[in-house]
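Computation of the quantities below employed the complete heavy-atom set of this structure, encompassing side-chain atoms and omitting hydrogens, waters and symmetry-equivalent molecules. Numbers restart at 1 for each chain; the letters A, B, ... are given by sequence-line order, proteins then strands.
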Number of protein chains: 2
Amino acid sequence: MECKPEFQDDRKKEMRAVHDAMDVLNGKWKIYIISSICHYNKRRFSDILEDVVGISNKMLSKELKELEINKLIKRTVLETQPITVQYELTEHGKTLKTIISNLTDWGMKHRKEIIGKD
Amino acid sequence: MECKPEFQDDRKKEMRAVHDAMDVLNGKWKIYIISSICHYNKRRFSDILEDVVGISNKMLSKELKELEINKLIKRTVLETQPITVQYELTEHGKTLKTIISNLTDWGMKHRKEIIGKD
DNA sequence: CCGGATCCCTTGCGATACTG
DNA sequence: CAGTATCGCAAGGGATCCGG
């Protein structure tokens, strides 16, 4: 966990790795969407729309598509009437749980640090 | 690490925590700046400017100020000629190392998953 | 060297309405 | 219900110049 100086080459790989991660998680909504799906394991479009306060259906649709392209979520059309669509994390998507969890913990710590109470 | 359904109240606190963390780490550059400072422990303005490829001095200045307000970094003016300014993580800022580290690991994993090689 | 001020442009995102 | 299409705005951010 220490950040001591290392060889330049490793450093570049690290930077690239952070960059790769950021590319996927960018935008205003991705983390919240993943967090929502992750919390319930499976979640329908309209449910996510409610979970993620403030998002529009256009944005949700766009973000979900990007997440799917990056193989983080799996999209399943259920043959109900009317049709519903279910989203769930892929195995690869599940590896994000650690990050979400860290982020949550850190957010709580930060709130105490800055605001002074939880 | 599992994401099983929990009581609504905990869920709301979780969401708020993620939100708090995102507020601080938002924008295009924060993570990279922190990553740069973290890697070297102490880092001068112009050095960070080089580390973070593509950032303008205006942006760097703005982002550093925000990070300082959130008590993640400490700013020190060195009385050299001309003046240089040094930035380092505060104790609180150092708690972000876990997240950066996880993000790095995940980025590498993701690259293998999507591109297929590192 | 640090970083503020100005100008300007791009694009992310919201609102709304519409289709299968 | 899930998703698409169109319009339009405002914030974010780049380029450049300036001052301490």
Distance, rounded to the nearest Å, where [X] contributes [atom1] and [N] contributes [atom2]:
X       : N      : atom1 : atom2 : value
A:Asp47 : D:dG3  : CG    : P     : 13 Å
B:Arg75 : C:dC1  : CZ    : P     : 16 Å
B:Leu60 : D:dG14 : CG    : P     : 11 Å
A:Leu49 : C:dA15 : CG    : P     : 12 Å
B:Ile83 : D:dG19 : CD1   : P     : 18 Å
A:Lys28 : D:dA10 : NZ    : P     : 14 Å
B:Glu63 : C:dG4  : CD    : P     : 13 Å
A:Asn26 : C:dT11 : CG    : P     : 14 Å

Of the listed nucleotides [options], the one nearest the side chain of [X]:
X       : options               : value
B:Pro82 : C:dC1, C:dG4, C:dC13  : C:dC1
B:Asn57 : C:dG14, D:dG13, C:dG3 : C:dG3
B:Arg44 : C:dG4, C:dC2, D:dG3   : C:dC2
A:Ser61 : D:dG13, C:dG3, D:dG3  : D:dG3

> Are A:Met22 and B:Ile33 grouped together when hydrophobic residues (ILVMFWY) are joined by side-chain heavy atoms under 4.5 angstrom apart?
Replying inline: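 In one cluster with A:Met22: B:Ile33, yes.
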> If you group Ile, Leu, Val, Met, Phe, Trp and Tyr by side-chain heavy-atom gaps below 4.5 Å, do A:Leu67 and B:Ile114 land in one group?
Replying inline: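 Per the 4.5 Å side-chain linkage, A:Leu67 and B:Ile114 are not co-clustered.
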> Which residue lies toward the 5' end of DNA chain C, A:Met59 or B:Phe45, if each is placed at its nearest nucleotide?
Replying inline: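 The answer here is B:Phe45.
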So does [X] get a side-chain nitrogen or oxygen closer than 4.0 Å to the phosphate oxygens (OP1/OP2) of [N]?
X       : N      : answer
A:Ser56 : C:dT16 : no
A:Thr80 : D:dC1  : no
B:Lys65 : C:dG4  : yes
A:Lys58 : D:dT6  : no
A:Ser46 : D:dA2  : yes

>> Can you classify the ring geometry of A:Tyr87 versus A:Phe45 as parallel (below 30°), tilted (30 to 60°) or perpendicular (above 60°)?
In response: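 Tilted: the ring planes of A:Tyr87 and A:Phe45 meet at 30° to 60°.
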>> With a 4.5 Å cut-off on side-chain heavy atoms, are A:Thr76 and A:Leu78 touching?
In response: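 Heavy-atom side-chain distance check passes, below 4.5 Å.
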> Given the rule in the side-chain hydrogen bond (donor to acceptor under 3.5 Å, both in side chains) test, do B:Thr98 and A:Trp106 qualify, once you have shown the distances and angles that lead to the verdict?
Replying inline: CA-CA 9 Å; B:Thr98 311; A:Trp106 191 86; over 6 Å; no
> When the nearest nucleotide of DNA chain D is assigned to B:Gly54 and to A:Tyr87 on a heavy-atom basis, which residue is associated with the more 5' position?
Replying inline: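 Closest to the 5' end, via its nearest nucleotide, is A:Tyr87.
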